[in-house]
Amino acid sequence: WDRPLTEGFNPRMMLCSFRPADMYVVKPDGNPDPRAIHEEMGRHKERLQDGIARGSLYNRDEVKIPIDMNNLGNTILANAGSINKNLYGEINNKGHQVIANLNDPKGKYQISPGPMNWDQTAPRDPIFYRWH
């Protein structure tokens, strides 16, 4: 998320609702500053890396939980099995959002997000496989 992409992608595909990819999609007011998102992701990355190095993650009660592939994956994906979403964030989901909104990160021009914004279309974007 903090390095330039060497190639772009504009699929001009139909979304899961069969609307054109460039059709206006409503975004909530107050799009966050992209720099703040990058800083937040950086903090979460550091916390995850520290946990991996130590072999444990802290749960919501600040108890060390030994890392295994399942709880590490759930924490990175920020799903229901996440050890602590508040501490480790939603690095995978935020990354999808950052990539999907590269054309208009502040929402200034009301450009629709790219395919990485939706589970149904994300695998169609070649960057999906680099992200994962």
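Residue numbers start at 1 and run along the sequence shown. In what follows, every heavy atom counts, from backbone to side chain, and hydrogens, waters and symmetry copies are set aside.
Closest approach of Asn103 and Ile111 over heavy atoms only: O-CD1, 3.9 Å. Closest of all the heavy-atom pairs between Tyr58 and Ile83 is O-CG2, 3.4 Å. The heavy-atom pair separating Gly89 from Ala78 by the smallest distance is O-CB, 3.7 Å. Of all the heavy atoms in Met116 and Ile127, the pair that sits closest is CG-CG2, 3.9 Å. Between Leu87 and His44 the shortest heavy-atom distance is O-CD2, 3.4 Å. Here the closest heavy-atom approach between residue Pro66 and residue Asn71 is recorded as O-ND2, 3.1 Å.
Lys106 NZ to Asp104 CG: the interatomic distance, rounded to the nearest 0.5 Å, is 10.5 Å. Between Met41 atom CE and Arg43 atom CZ the span is 11.5 Å, to the nearest 0.5 Å. With rounding to the nearest 0.5 angstrom, the CG atom of Asn74 is 11.0 Å from the CE atom of Met69. How far CG of Leu72 is from CG of Leu48: 7.0 Å, rounded to the nearest 0.5 Å. With rounding to the nearest 0.5 Å, the separation of CG in Leu57 from CD1 in Ile67 is 4.0 Å. In this structure, Thr75 OG1 and Arg47 CZ are separated by 13.5 Å, a value rounded to the nearest 0.5 Å.
Side-chain contact between Ile37 and Gln97 is absent, with no heavy-atom pair separated by less than 4.5 Å. In this structure, the side chains of Phe128 and Ile99 stay at 4.5 Å or more apart for every pair of heavy atoms.
Neither Trp131 nor Leu77 shares a network with the other; the hydrophobic side chains, linked directly or stepwise wherever heavy atoms of I, L, V, M, F, W or Y lie under 4.5 Å apart, form separate groups for each.
Annotation for Gln49: atom CD counts as buried by contact number, over 12 foreign heavy atoms lying within 6.0 Å. Atom CG of Asp119 has 12 or fewer neighbouring heavy atoms from other residues, nucleotides or ligands inside a 6.0 Å radius.
By the side chain to side chain contact (heavy atoms under 4.5 Å, CB included) test, Tyr129 is found to be paired with Pro123, residues two or more places apart in sequence or in another chain being considered.
Applying the side-chain hydrogen bond (donor to acceptor under 3.5 Å, both in side chains) definition to pairs two or more places apart or across chains, those involving residues 81-90 are Glu90-Asn93.
In this structure, His132 and His96 have tilted ring planes: the angle between them lies in the 30° to 60° band.
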